[in-house]
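Below is one structure; the comments refer to it alone.
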Amino acid sequence: MLSLRKTFTATALALALGGALPAVLSTAHAAGTLNVAINQDPGSWDPIDTFVTFWGSVGSNLYDGLTMRGADLKLQPGLATKWEYLDDNKRLRFTLRQGVKFHNGEPFNAEAVKFTFERLLGAEGAKGPQKSNYDSIGEVKVVDEYTVDFILKQPDPVLLTKLAGYGAMIVPPKYIQEKGEENFNTHPVGTGPFKFESYQPKVNVTLARNDDYWGGKPKLDKVVYRFISEPGTQVAELQAGRVDIATLIPLGLIETVKKSGNADVISTGGPVAFALRYNTKNGITQNRDVRRALIMAVDRDTIVKQLLLGQAKTIASFQGPQSFGYNPEQKPLPFNPAEAKKLLAGAGIKPGATVQIDVRGSDSNFREVAQAVSGYLQAVGVRATIKPYETGVLLNDIIPGGKTGEMWQNQWGGWTYDYDNTAYLMYHSGQKWNPYDNDPKLNAMLEAQRTVYDVKKREAMLQEIAGYVADQALELPLYSLNTIVGVNKRVKNLEVPGDIRFRFVDTTVE
């Protein structure tokens with residue numbers, strides 16, 4: 001579709017004119033300092049206060065969890081060297097790493113683990129968004145100085161993965177008790193490879209090397225994170241050599257960065273999936289055949305190729321290939337406008353029927369995708385109007401309140417890289433992101449997989465759930481978007497995880 005290319009090119013040109021500067025190398029770098037541009041300042045460096053992706057880019061260098069996930073997404077030991085399930089999976093025992101200290105010199109031990117999770121699951125944790133992810137933990141018991149038991153009040157086969165997540169980062173008891181919660185927000189202390197040095201809200205945060213890091217002394221002296229919300233500005237700073245890593249690279253400026261001479265673009269599979277969710281209670285999308293017809297009306301391959309410049313992968317379920325539970329054999333409904341028209345006619349839908357597509361008003365890239373979808377629907381006789389909302393209003397009022405149009409923008413990062421974290425929250429009745437459906441069969445399927453610890457069996461159950469959701473056409477699956485990062489050529493030994501939770505232990509700058 002030529003119109004898709006024209007629309008996107010206009011946006012890319014505007015970004016290029018507004019943000020891209022000639023490549024001018026800067027000599028402003030301090031020796032051994034890595035400069036990273038991230039999207040936003042989370043406002044707090046306490047692990048229990050956030051679910052913001054860019055917090056992880058910083059927090060993963062400040063803190064450690066009991067478990068860790070490498071750039072290859074494989075689970076590995078962190079502050080726990082080993083673990084085992086006991087008492088018919090009702091107790092999870094961790095053997096802790098010895099000789100580790102927090103950045104303030106405070107010792108890491110079982111008491112620190114107990115304090116961390118009692119704080120997370122208590123009144124302080126209730127103020128933030130992380131507590132509910134760990135509600136399967138009923139009690140934490142200290143066995144000895146370097147052994148701790150988690151007593152589980154319900155099965156949770158995803159818990160070990162969750163323990164590598166933001167909220168489960170281990171924090172120092174004595175420091176927090178003496179300095180207070182507010183101080184901890186802005187002067188964090190962890191056990192990670194870098195320690196806090198300074199913080200200028202809305203400007204930057206600087207970390208210094210932790211010479212005593214248990215995982216080996218980092219090769220960098222410092223890491224400076226600059227908060228730059230405008231993608232064009234990040235690109236300009238990268239081209240000028242003032243930042244070494246830019247985490248917001250507009251698709252239309254990828255070639256500009258590549259041609260700059262001093263930077264490369266790294267594109268890797270990311271955790272964020274995009275879909276248009278259906279209102280199954282109101283409008284023409286109450287009908288399953290209509291929902292299937294609208295899927296078949298949209299050429300998603302062309303959207304990925306032309307609008308997203310190939311930096312995404314079409315999906316058949318609301319998850320990307322890195323997600324546990326992804327089924328490579330599951331194929332999306334094909335682009336077939338003729339069959340779509342037949343289904344619509346069979347459902348009694350006459351040409352000129354209308355749907356409303358609700359989108360995040362600040363997301364200009366997705367609005368172009370929604371406009372393309374609208375054009376495809378028009379071709380099968382369905383008129384689509386696009387209604388933008390302020391993101392917070394859409395997420396916290398319109399969707400959970402069941403006040404959406406027939407379709408709405410749905411995107412999810414899947415921070416555990418496990419389909420459970422998406423599917424349960426999206427499709428189980430009573431969940432915030434599921435305002436319309438109450439399917440007893442699907443509820444039972446979602447609940448059943450949460451009791452299964454056998455990896456292969458649970459994977460098959462998740463794949464069955466994905467197939468059932470696709471059969472019911474609860475959404476129009478679109479694509480899983482790549483993570484795209486610009487990197488100055490002076491940066492060496494950098495691993496770029498899809499969730500941009502960098503760990504700079506082995507990274508160097510020349």
Side-chain angles (χ1 to χ4, degrees), residues 29-38 42 44-47 50 52-81 96-109 112-113 116 163-172 175 184 186-199 204-226 243-245 247 485 487-488 490-510:
H29 293 295
T33 298
L34 182 74
N35 299 277
V36 184
I38 59 175
S44 170
W45 300 109
D46 186 334
T50 187
V52 175
T53 301
F54 291 97
W55 185 98
S57 299
V58 180
S60 295
N61 287 291
L62 275 170
Y63 300 100
D64 298 306
L66 295 176
T67 63
M68 295 169 57
R69 197 168 53 216
D72 60 1
L73 304 185
K74 292 181 180 178
L75 203 64
Q76 59 193 44
L79 290 175
T81 57
L96 305 181
R97 195 175 296 277
Q98 299 186 28
V100 177
K101 291 187 177 181
F102 288 97
H103 299 150
N104 65 333
E106 188 175 336
F108 161 75
N109 51 31
V113 175
T116 294
L163 293 177
Y166 305 174
M169 299 292 97
I170 306 301
V171 299
Y175 178 79
F184 187 59
T186 55
H187 295 79
V189 168
T191 61
F194 292 86
K195 54 188 177 181
F196 172 82
E197 181 174 281
S198 65
Y199 171 45
N204 60 45
V205 61
T206 300
L207 310 184
R209 180 175 62 212
N210 177 12
D211 289 343
D212 300 320
Y213 184 54
W214 60 264
K217 181 178 176 179
K219 296 176 174 60
L220 294 168
D221 295 324
K222 294 186 179 184
V223 182
V224 178
Y225 296 88
R226 292 175 55 194
V243 300
D244 299 305
I245 299 174
T247 54
V485 176
V487 182
N488 191 299
R490 80 185 194 113
V491 180
K492 307 298 179 185
N493 300 319
L494 174 70
E495 290 186 314
V496 179
D499 57 2
I500 63 170
R501 288 182 64 185
F502 302 106
R503 283 178 69 84
F504 297 123
V505 179
D506 296 318
T507 302
T508 61
V509 290
E510 294 182 346

Starting at [atom1] of [X], measure out to [atom2] of [Y] and round the result to the nearest 0.5 Å.
X	Y	atom1	atom2	answer
K222	S198	NZ	OG	7.5 Å
D72	E495	CG	CD	7.5 Å
T67	L163	OG1	CG	5.0 Å
R501	N61	CZ	CG	10.0 Å
L34	T508	CG	OG1	9.5 Å
L66	M169	CG	CE	8.5 Å

Legend entry - D64 side chain to Y213 side chain, donor-acceptor N/O pair below 3.5 angstrom: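 On atom types as modelled, these side chains qualify, holding a pair under 3.5 Å.
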So, for [X] and [Y], which heavy atoms are closest and what is the spacing to 0.1 Å?
X	Y	result
A208	E197	CB-OE1, 3.6 Å
P47	F184	CD-CE2, 4.0 Å
T50	P42	OG1-CB, 4.5 Å
P497	A71	CB-CA, 4.1 Å
P218	P193	CG-O, 3.1 Å
I170	F102	O-CE2, 3.7 Å

Inset, instruction - May I have the step-by-step check of side chain to side chain contact (heavy atoms under 4.5 Å, CB included) for F196 and V205, ending in yes or no? - result: CA-CA 8 Å; F196 172 82; V205 61; 4.2 Å; yes
Legend entry - Ring geometry between W55 and Y166 (parallel below 30°, tilted from 30 to 60°, perpendicular above 60°):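 Tilted.
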Legend entry - F504 and Y225 aromatic ring geometry - parallel, tilted or perpendicular at 30°/60° bounds: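 Correct class here is tilted.
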Measuring only between side-chain heavy atoms, which start at C-beta, is [X] closer than 4.5 Å to [Y]?
X	Y	answer
W45	Y199	yes
K101	D212	no
L96	N109	no

Inset, instruction - Quick one: do N210 and F194 satisfy side chain to side chain contact (heavy atoms under 4.5 Å, CB included)? Show the steps, please. - result: CA-CA 5 Å; N210 177 12; F194 292 86; 5.7 Å; no
Main-chain N/O of [Y] paired with [X] side-chain donor or acceptor, under 3.5 Å:
X	Y	value
H103	G192	yes
T247	A37	yes
D244	N35	yes
R209	K217	no

Inset, instruction - Would you check, one step at a time, whether the test side chain to side chain contact (heavy atoms under 4.5 Å, CB included) holds for F502 with I245? - result: CA-CA 11 Å; F502 302 106; I245 299 174; 4.1 Å; yes
Legend entry - Positive for side-chain contact (heavy atoms from CB on, under 4.5 Å) with L62, one of V223, T191, L207: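 Passing option: L207.
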Inset, instruction - Quickly, which of V243, I38, V36 forms a side-chain contact (heavy atoms from CB on, under 4.5 Å) with R226? Name it, please. - result: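 With R226 as partner, V243, I38, V36 yield a single side-chain contact (heavy atoms from CB on, under 4.5 Å), made by V243.
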Inset, instruction - Would you please test V189 and H187 for side chain to side chain contact (heavy atoms under 4.5 Å, CB included) and show each step? - result: CA-CA 7 Å; V189 168; H187 295 79; over 6 Å; no
Legend entry - Whether over 12 other heavy atoms sit under 6.0 Å from E106 CD: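 Yes, because the 6.0 Å sphere around CD of E106 holds more than 12 heavy atoms from other groups.
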